[in-house]
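Model, not experiment: these values are computed from the prediction.
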Amino acid sequence: MFIVLVLGAGAVGCTDGESADATHERSTGATELCGGTAISAEAAEALKVITESSRFEGSDERSTVAYAANSLIREFTSSLTTDGDICQVYAIGAVLSDRLEVTWELVDGRPERDLASKFTVLRMGERALTAVDAGSVQFACRSEKLSGSQPAHIDINVERWSPEDPEGDPEKLKDAYATVAHSFALAMAKELGCENDGGLEARPVLDPV
């Protein structure tokens with residue numbers, strides 16, 4: 001379900017021997033991550049629920065929705081399925097194996113409904129899924145930036161990789177992942193110039209189907 005590709009040039013976590021001052025200098029707020037346009041104030045609060053932190057490692061200059069959108073445009077044809085990275089999120093003080101990975105995927109046609117049991121289906125876009133450690137929003141995009149007569153079907157995935165099991169209220173975690181996935185999906189739709197923002201509302205819809 002979730003395609004994960006590790007960014008070689010992405011942000012990295014703290015290493016042994018680094019001072020607290022050095023870590024502090026690199027830290028940033030959630031709304032400044034991933035190019036500064038991907039994470040709404042609402043999604044920033046959701047990241048705090050997920051990571052229990054409000055400070056994060058600064059993102060690499062290529063770890064942005066704009067850069068990912070350009071990659072998607074270059075890759076798009078109506079018959080091709082492919083994927084790529086958007087951004088990785090590290091909370092300050094987290095180990096390297098504890099991160100959020102945000103990716104995009106071009107999928108072929110409307111989604112199937114035979115879903116893994118751990119996911120809750122929400123009423124966003126063509127399909128939205130959320131769980132205690134992941135979320136995704138798929139939407140259809142018609143845009144002058146995308147060649148061909150058929151819309152692109154784009155799936156935005158947010159997944160946490162951690163050595164620890166998720167902690168906290170399961171419903172709050174599900175809402176948090178859905179909120180972050182929606183924020184990235186809406187930012188991608190706007191960056192691509194999708195008609196009607198790909199059918200996505202300005203705020204996440206957290207009601208189950």
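Annotation: the span from E126 atom CD to Q138 atom CD amounts to 5.0 Å, rounded to 0.5 Å. Rounded to the nearest 0.5 angstrom, I86 CD1 and E101 CD are separated by 11.5 Å. Note that CZ of R99 is 13.5 Å distant from CD of E57, once rounded to the nearest 0.5 Å. For the atom pair CD1 (I154) and CG (N157), the distance works out to 12.0 Å, reported to the nearest 0.5 Å. Distance OG/S59 to OH/Y67: 14.5 Å, rounded to 0.5 Å. Taken to the nearest 0.5 Å, the CG atom of L100 stands 5.5 Å off from the CD1 atom of I50.
Taking every heavy atom of both residues into account, F139 and G198 meet most closely at CB-O, 3.6 Å. Pairing each heavy atom of S53 with each of I92, the nearest pair is OG-N, 4.2 Å. V137 and M124 get closest at one heavy-atom pair: CG2-CE, 4.1 Å. The shortest heavy-atom contact between K145 and E191 is NZ-O, 2.8 Å. What you find for R160 and Y177 is that their closest heavy atoms are CB-OH, 3.1 Å. Taking each heavy atom of R203 and E42 in turn, the nearest pair found is NH2-OE2, 2.7 Å.
Between the side chain of S162 and the backbone N or O of D98 there is no donor-acceptor pair closer than 3.5 Å. Here the side chain of T28 pairs no donor or acceptor atom with the backbone of F56 at under 3.5 angstrom. Between the D60 side chain and the R62 main chain, a donor and an acceptor come within less than 3.5 Å of each other.
Taking 4.5 Å as the limit, every side-chain heavy atom of V209 sits out of range of all side-chain heavy atoms of L122. Contact of the S40 side chain with the T31 side chain is not registered, since no non-hydrogen atoms from C-beta on lie closer than 4.5 Å. E61 places none of its side-chain heavy atoms less than 4.5 Å from the side chain of S63. A heavy-atom distance below 4.5 Å is not found between the side chains of I39 and V180. C141 places none of its side-chain heavy atoms less than 4.5 Å from the side chain of P151. Side chains of F119 and S136 form no contact here, defined as non-hydrogen atoms less than 4.5 Å apart. D83 places none of its side-chain heavy atoms less than 4.5 Å from the side chain of T103. The shortest side-chain heavy-atom distance between M188 and I156 falls under the 4.5 Å cut-off.
A salt bridge links R127 and D155; the closest N-O separation between the charged side-chain nitrogens and carboxylate oxygens is under 4.0 Å.
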**OP:** Dump the intermediate steps for side chain to side chain contact (heavy atoms under 4.5 Å, CB included) on K118 and D133, then the final yes or no.
**Re:** CA-CA 10 Å; K118 82 169 189 174; D133 59 358; 3.0 Å; yes
**OP:** For D108 and H153, run side chain to side chain contact (heavy atoms under 4.5 Å, CB included): C-alpha distance rounded to whole Å, both residues' side-chain angles, the deciding distance at 0.1 Å, then the answer.
**Re:** CA-CA 7 Å; D108 187 11; H153 300 275; over 6 Å; no
Subject >> side chain to side chain contact (heavy atoms under 4.5 Å, CB included) assessment of K190 paired with D197 >> reply: CA-CA 6 Å; K190 290 182 179 296; D197 290 337; 3.0 Å; yes
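Linking Ile, Leu, Val, Met, Phe, Trp and Tyr residues whenever their side-chain heavy atoms come within less than 4.5 Å places V102 and I73 in a single cluster. Under a hydrophobic-cluster definition in which Ile, Leu, Val, Met, Phe, Trp and Tyr are linked whenever side-chain heavy atoms come within less than 4.5 Å, directly or via other members, V49 and Y90 are assigned to different clusters. F184 is connected to L106 through a chain of hydrophobic side-chain contacts under 4.5 Å among Ile, Leu, Val, Met, Phe, Trp and Tyr, so both are in one cluster. Linking ILVMFWY side-chain heavy atoms closer than 4.5 Å, directly or via other members, places W104 and F76 in a single hydrophobic cluster.
In summary, of the residues considered (T120, T179, D169), a side-chain hydrogen bond (donor to acceptor under 3.5 Å, both in side chains) with K174 occurs for T120 alone.
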